[in-house]
2 protein chains.
Amino acid sequence: MSMAVMDHVDRILTQWQRQRPDLNVAPMGTLGRLKRLNHVLMRAMEKTWAEYGLNDSSFDVLATLRREGPPYALSPSDLMASTMVTSGTMTHRLQQLEKAGLIERVKNPADGRGFLISLSDKGFALIDEAVAAHVETQKVLVSSLSEEQRSQLDALLKQLLANLS
Amino acid sequence: MSMAVMDHVDRILTQWQRQRPDLNVAPMGTLGRLKRLNHVLMRAMEKTWAEYGLNDSSFDVLATLRREGPPYALSPSDLMASTMVTSGTMTHRLQQLEKAGLIERVKNPADGRGFLISLSDKGFALIDEAVAAHVETQKVLVSSLSEEQRSQLDALLKQLLANLS
DNA sequence: CCCAGATACCTTGATATCGAGATAAATAGA
DNA sequence: TCTATTTATCTCGATATCAAGGTATCTGGG
């Protein structure tokens with residue numbers, strides 16, 4: 001017989017039920033856990049990225065270029081679309097990565113307005129190592145779920161995401 | 001018969017499988033969806049908060065005070081613990097809220113180091129309205145799941161969270 | 001060919017956050 | 001009672017993000 005354990009989110013819902021019994025706060029519980037989980041997960045993954053001198057932003061860009069396959073190059077616009085950030089943010093990210101020598105930028109010969117961003121050799125080597133470590137970290141982070149549970153969670157998140165984005 | 005639809009995360013996983021078949025990227029899919037979902041959900045909820053002149057940060061603090069019940073007061077430390085932000089961040093949040101007249105701060109009579117932060121009448125009225133709208137928004141955001149699915153998702157998130165925080 | 005509108009990217013200014021370190025007050029122990 | 005340690009909060013500097021607006025370039029219809 002399994003004992004239901006009160007967690008932080010449960011306590012929040014209990015408080016609301018007492019203070020505002022008119023509100024249906026069940027969705028708040030689910031979305032609250034999702035937010036907290038995201039927060040905790042990001043913190044945990046940041047540690048691995050930091051071992052390679054990276055953070056969420058820089059890992060995100062380098063990984064996007066790496067998984068694209070040869071010649072490991074995309075335009076800033078492509079990168080923006082893939083990573084869900086605004087143009088100002090992407091400009092900033094690319095400046096940092098260029099300064100660190102992890103990417104190279106060349107004018108797009110086919111479009112005078114644009115650039116092509118590609119992984120440098122150094123950037124390729126770094127992300128190739130970092131992504132392996134990152135995947136290991138992620139494996140640990142989901143290890144409290146069985147493979148079937150993880151897959152079920154995946155399906156539910158996918159369904160929810162499909163109707164929002 | 002249900003057709004499996006490729007979403008953005010699926011395409012990322014396919015790319016990785018091609019480029020790095022040595023990596024098990026299944027956890028990456030789940031955690032990637034969780035991150036994207038959090039991003040999309042925050043964007044959606046921000047719209048509701050903005051209708052009341054609030055954002056994630058300010059809503060978070062006011063709601064924490066409101067659900068506490070009378071006398072709607074907590075110390076900055078309590079608020080920090082409840083909202084998972086650092087002391088510097090909380091100081092900043094409280095400055096903004098005080099400037100807006102939504103909270104009041106008094107020296108804690110029982111502890112000369114600390115303060116008590118309480119909702120002003122204006123703050124109480126505002127959060128009481130805003131939270132009702134927020135709950136409505138959340139209801140819409142999870143409406144693509146059946147009640148059973150939402151509850152299942154809740155349980156999985158809770159289990160995952162339990163082993164992390 | 002030309003021009004209006006779309007597109008690609010950058011710049012700027014405002015915010016939110018963190019981490020490290022400072023200060024003041026409380027507390028526990030000799 | 002003193003003192004060392006802990007706790008509560010703030011300050012400061014660095015960074016990441018967004019939104020709005022600017023410039024250069026492309027593109028499609030007349």
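To find a chain, count down the sequence lines: A is the first, B the second, and so on, and within it residues start at 1.
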**Message:** So that I can tick it off, tell me whether A:Lys35 and B:Asp56 are bridged by a salt bridge, with the cut-off set at under 4.0 angstrom between side-chain N and carboxylate O.
**Reply:**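 Looking at A:Lys35 together with B:Asp56, the answer is yes, because their closest N to O distance falls below 4.0 Å.
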**Prompt:** Less than 4.0 Å between a side-chain N and a carboxylate O, is that true for A:Arg33 and A:Asp10?
**Reply:**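 Yes.
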Report the distance from atom [atom1] of [X] to atom [atom2] of [N], rounded to the nearest whole Å.
X: B:His92; N: D:dT11; atom1: NE2; atom2: C1'; result: 13 Å
X: B:Asp78; N: D:dT7; atom1: CG; atom2: P; result: 14 Å
X: B:Asn55; N: D:dC18; atom1: CG; atom2: P; result: 14 Å
X: A:Asp56; N: D:dT17; atom1: CG; atom2: P; result: 7 Å
X: A:Gln96; N: D:dT15; atom1: CD; atom2: P; result: 7 Å
X: B:Leu79; N: D:dT9; atom1: CG; atom2: C1'; result: 13 Å
X: A:Met84; N: D:dC18; atom1: CE; atom2: C1'; result: 14 Å
X: B:Asp111; N: D:dT6; atom1: CG; atom2: P; result: 17 Å

**Prompt:** Of A:Lys107 and A:Thr86, whose closest DNA chain D nucleotide lies nearer the 5' terminus?
**Reply:**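 Comparing both residues, the 5'-ward one is A:Thr86.
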**Item:** Along DNA chain D (nearest heavy atom to each residue), the more 5'-positioned of A:Arg113 and A:Met90
**Value:**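 Closest to the 5' end, via its nearest nucleotide, is A:Met90.
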For [X] and [N], is the shortest distance between a side-chain N/O and OP1 or OP2 below 4.0 Å?
X: B:Gln95; N: D:dT11; result: yes
X: A:Arg93; N: D:dT17; result: yes
X: B:Ser75; N: D:dA8; result: no

**Request:** Would you check, one step at a time, whether the test side-chain hydrogen bond (donor to acceptor under 3.5 Å, both in side chains) holds for A:Ser58 with A:Asn55?
**Result:** CA-CA 6 Å; A:Ser58 46; A:Asn55 56 26; 2.8 Å; yes
**Reference residue A:Thr30; test side-chain hydrogen bond (donor to acceptor under 3.5 Å, both in side chains); the match among B:Gln152, B:Lys158, B:Arg150** =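 Only match with A:Thr30 under side-chain hydrogen bond (donor to acceptor under 3.5 Å, both in side chains): B:Arg150.
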**Item:** Residue closer to the 5' end of DNA chain C, A:Thr91 versus A:Arg43 (nearest nucleotide)
**Value:**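 Nearer the 5' end of the strand: A:Thr91.
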**Request:** Using heavy atoms to find the nearest nucleotide of DNA chain C for A:His39 and A:Leu116 separately, return the residue whose nucleotide is more 5′.
**Result:**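 Of the two residues, A:Leu116 wins.
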**Asked** For A:Gly88, which contact category applies under a 4.0 Å heavy-atom criterion: base, sugar-phosphate, or nothing?
**Response**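 The residue A:Gly88 makes base contact.
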**Request:** Looking at every strand, decide which applies to B:Ser57 at a 4.0 Å heavy-atom threshold: base, sugar-phosphate, or nothing.
**Result:**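 Answer is sugar-phosphate: B:Ser57 comes under 4.0 Å of backbone atoms only.
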**Prompt:** Is a side-chain donor or acceptor of A:Thr91 paired with a backbone partner of A:Ser87 at a separation under 3.5 angstrom?
**Reply:**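 Pair found, side chain donor or acceptor close to backbone of A:Ser87.
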**Prompt:** Heavy-atom count around B:Arg11 CZ within 6.0 Å, excluding the residue itself: above 12?
**Reply:**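 Buried by this count: over 12 neighbours within 6.0 Å.
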**Asked** So do the side chains of A:Leu94 and A:Pro76 get within less than 4.5 Å of each other, counting heavy atoms only?
**Response**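 Result yes, sub-4.5 Å side-chain heavy-atom pair found.
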**Covered region of DNA chain C, 5' end to 3' end, by chain B [heavy atoms, under 4.0 Å]** =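 Listed 5' to 3', the contact boundaries are C:dA16 to C:dA26.
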